[in-house]
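Down below is the structure, laid out as structure tokens.
First listed ligand is number 1; within each ligand, the first listed atom is number 1. No experiment lies behind these values; they were computed from the predicted model shown.
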Amino acid sequence: MNFDLSSEDQAFADAVSRFAQHRLAAGALERAHSPHYPWEAARMLAEQGLLGIAFPEADGGQGGTLMHAVLAIQQVALVCPKSADIVQAGNFGPIRTFVEYATAEQKRRFLPDLLGGRKLISLGMTEPDAGSAVTELRTTARAEGDEYVLNGSKIFSTHSPEADLFLIYVRFGPGLENIGSVLVERGTPGFTVGKPASFMNGEQWSPLYFENARIPAANLLLGPGGFKKQIAGFNVERLGNASRSLALGRHAFNIAREHALTRRQFGRELCEFQGLQWKFADMWMKLEQAQMLLYKAVLEGEHGLPSAQSTAMAKLACNEAGWFVANEALQVMGGMGFSQESLVEYCVRRIRGWMIAGGSIEMLKNRIAEGVFGRSFPQRPPKAP
Ligand SMILES: Cc1cc2nc3c(=O)[nH]c(=O)nc-3n(C[C@H](O)[C@H](O)[C@H](O)COP(=O)(O)OP(=O)(O)OC[C@H]3O[C@@H](n4cnc5c(N)ncnc54)[C@H](O)[C@@H]3O)c2cc1C
């Protein structure tokens with residue numbers, strides 16, 4: 001057993017770090033406070049080969065590993081937290097499910113712009129009445145000739161105000177076995193991207209409405225029975241969420257550490273107060289613990305998609321560690337930590353959202369408990385006899 005990165009992985013991480021320092025450090029605060037996607041940075045990352053890192057070269061990817069993608073998202077986040085969203089969008093988000101299951105023709109149509117940092121794909125899974133209970137989704141897709149007709153609505157989709165392509169979970173009929181997904185392009189008649197609303201993390205989302213929206217049959221991604229495959233792809237999205245939670249915790253930690261080394265009160269540096277030293281000891285330990293669970297899940301996913309159990313443990317650990325550390329870092333920084341002059345408060349707000357997105361921490365614990373007992377625990381009430 002070896003807890004160090006391989007020399008090749010370390011060299012890759014160092015190269016991404018140097019690129020981020022050189023190209024992304026300036027403007028990190030400004031990007032974080034803009035509600036918009038950082039398109040300019042997206043094109044820089046695309047040119048640098050940081051989109052599609054683990055995708056096959058035949059698909060326009062870099063042919064790297066999931067570990068490379070995780071190292072990249074973390075190194076970028078350590079310099080410019082908002083730019084890590086670009087690495088997420090180009091490697092871990094719905095694009096990952098798309099690359100796994102799309103036809104050659106679908107890839108030809110959509111991947112060049114997505115991997116070029118010129119367009120975004122957004123995931124429409126959650127509905128007003130289907131959140132954690134995602135299989136209760138009601139958006140329907142009815143086959144009619146060589147088209148599907150969509151009706152329903154979606155909420156909370158990341159990047160929805162600026163995305164061009166939407167991966168939409170739909171049902172083709174009743175029951176779990178009839179759930180699948182389709183691709184919907186912005187501008188499709190009957191498909192409306194509503195007025196943007198804001199999350200407390202500064203991100204915006206638009207409600208999505210489908211009123212007899214017609215899409216070509218060629219836009220089918222996964223037909224009936226596709227739900228399990230979709231969720232398998234979604235496990236990679238969860239690792240991106242976990243990686244950013246951890247990296248933003250570390251980002252806040254690094255700022256607070258510098259602050260504690262230089263800020264003086266009562267005639268001495270903050271780091272000389274034991275009450276703060278113990279906070280740093282706790283913070284560091286939690287970061288290191290979560291990092292191990294993250295790498296374990298990543299290595300398991302190196303040859304295919306990561307397992308649901310390891311992903312749940314990694315995401316839970318990284319969400320909780322990131323949140324604890326960023327919040328403590330804010331406290332150590334005093335008023336400066338609470339001010340938008342530093343990125344610490346931004347890290348706190350962003351990590352908070354990831355404890356809900358991509359499987360809330362409660363739903364992750366439900367999943368982990370199933371592994372503990374080797375049983376499934378249906379969350380729905382038993383049917384009346
Ligand atoms: C920042 C952010 C980004 C998001 N991005 C996307 C996106 O790109 N695409 C998309 O489709 N959706 C997205 N979402 C939506 C997200 O997937 C849902 O918010 C999440 O699944 C929870 O659903 P809900 O908000 O309806 O809460 P609910 O399901 O109503 O849950 C409310 C609370 O009850 C708890 N709870 C529910 N059921 C159980 C249970 N069985 N056991 C224990 N506790 C339970 C939950 O954990 C939560 O704390 C995003 C959300 C956020 C915050």
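- The residue from Lys296, Arg250, Lys286 that alone fulfils the side chain to side chain donor-acceptor pair (under 3.5 Å) condition with Gln291 is Arg250.
- The one candidate from Lys229, Gln230, Met125 that meets the side-chain contact (heavy atoms from CB on, under 4.5 Å) condition with Ser181 is Gln230.
- Formation of a donor-acceptor pair under 3.5 Å by the Asn219 side chain with backbone atoms of Leu183 is found in this model.
- Aromatic pair Phe191/Phe166: ring centres closer than 6.0 Å.
- Here Phe199 has side-chain heavy atoms under 4.0 Å from ligand 1, and that is the only part of it that gets that close.
- Ion pairing between a basic and an acidic side chain is recognised when a charged N comes within 4.0 Å of a carboxylate O; Glu136 and Arg380 show such pairing.
- Side-chain N/O atoms of Tyr148 and Glu144 include no donor and acceptor closer than 3.5 Å.
- Salt bridge absent: Arg214 and Glu185 never bring a charged side-chain N and a carboxylate O closer than 4.0 Å.
- Regarding atom 24 (P) of ligand 1, its nearest protein heavy-atom neighbour is Gly131 CA, 4.0 Å.
- Using a 3.5 Å distance cut-off with no hydrogens or angles, the side chains of Gln10 and Asp14 do pair a donor with an acceptor.
- The shortest N or O to N or O distance between Leu123 and ligand 1 is under 3.5 Å.
- Residue Asn201 has no nitrogen or oxygen atom sitting less than 3.5 Å from a nitrogen or oxygen atom of ligand 1, judged on distance alone.
- For atom 48 (C) of ligand 1, the closest non-hydrogen atom on the protein side is Glu362 OE1, 4.2 Å.
- Shortest contact from atom 46 (C) of ligand 1 to any protein heavy atom: Ser360 OG, 3.7 Å.
- For Phe156, a nitrogen or oxygen atom sits less than 3.5 Å from a nitrogen or oxygen atom of ligand 1, counting backbone and side chain alike.
- The closest protein non-hydrogen atom to atom 41 (N) of ligand 1 is Gln379 OE1, 2.8 Å.
- In terms of protein heavy-atom proximity, atom 39 (C) of ligand 1 is closest to Met363 SD, 3.6 Å.
- When only modelled atom types and interatomic distance are considered, His251 and Gln74 share no side-chain donor-acceptor pair under 3.5 Å.
- A heavy-atom distance below 4.5 Å is found between the side chains of Phe98 and Leu111.
- Heavy-atom proximity to Gly353, at under 4.0 Å, picks out these atoms of ligand 1: 53 (C).
- Taking each of Leu364, Leu208, Thr158, Ile168 in turn, the one with a heavy atom nearest to atom 7 (C) of ligand 1 proves to be Thr158.
- For atom 37 (C) of ligand 1, the protein comes within 4.0 Å by at least one heavy atom.
- A salt bridge links Glu203 and Arg350; the closest N-O separation between the charged side-chain nitrogens and carboxylate oxygens is under 4.0 Å.
- Of all the heavy atoms of Asn366, the ones lying under 4.0 Å from any atom of ligand 1 belong exclusively to the side chain.
- Residue contacts with ligand 1 for Met125 involve both N, CA, C or O and side-chain atoms from C-beta outward (heavy atoms, distance under 4.0 Å).
- Protein non-hydrogen atoms do not reach within 4.0 Å of atom 34 (O) of ligand 1.
- Looking at ligand 1, you won't find any N or O of Glu203 less than 3.5 Å from one of its N or O atoms.
- The backbone N or O of Ile368 sits less than 3.5 Å from a side-chain atom of Gln309, completing a donor-acceptor pair.
- Nearest non-hydrogen protein atom to atom 51 (C) of ligand 1 is Ala357 CB, 3.8 Å.
- For atom 30 (O) of ligand 1, the nearest protein heavy atom lies 4.0 Å or farther away.
- Protein heavy atom in closest approach to atom 16 (C) of ligand 1: Thr126 OG1, 3.7 Å.
- Contact annotation: the side chain of Glu237 never approaches that of Arg96 to less than 4.5 Å [non-hydrogen atoms, C-beta and beyond].
- Ranking the protein heavy atoms by distance from atom 19 (O) of ligand 1 puts Ile356 CG2, 3.6 Å first.
- At a heavy-atom distance under 4.0 Å, atoms from both the backbone and the side chain of Ser132 approach ligand 1.
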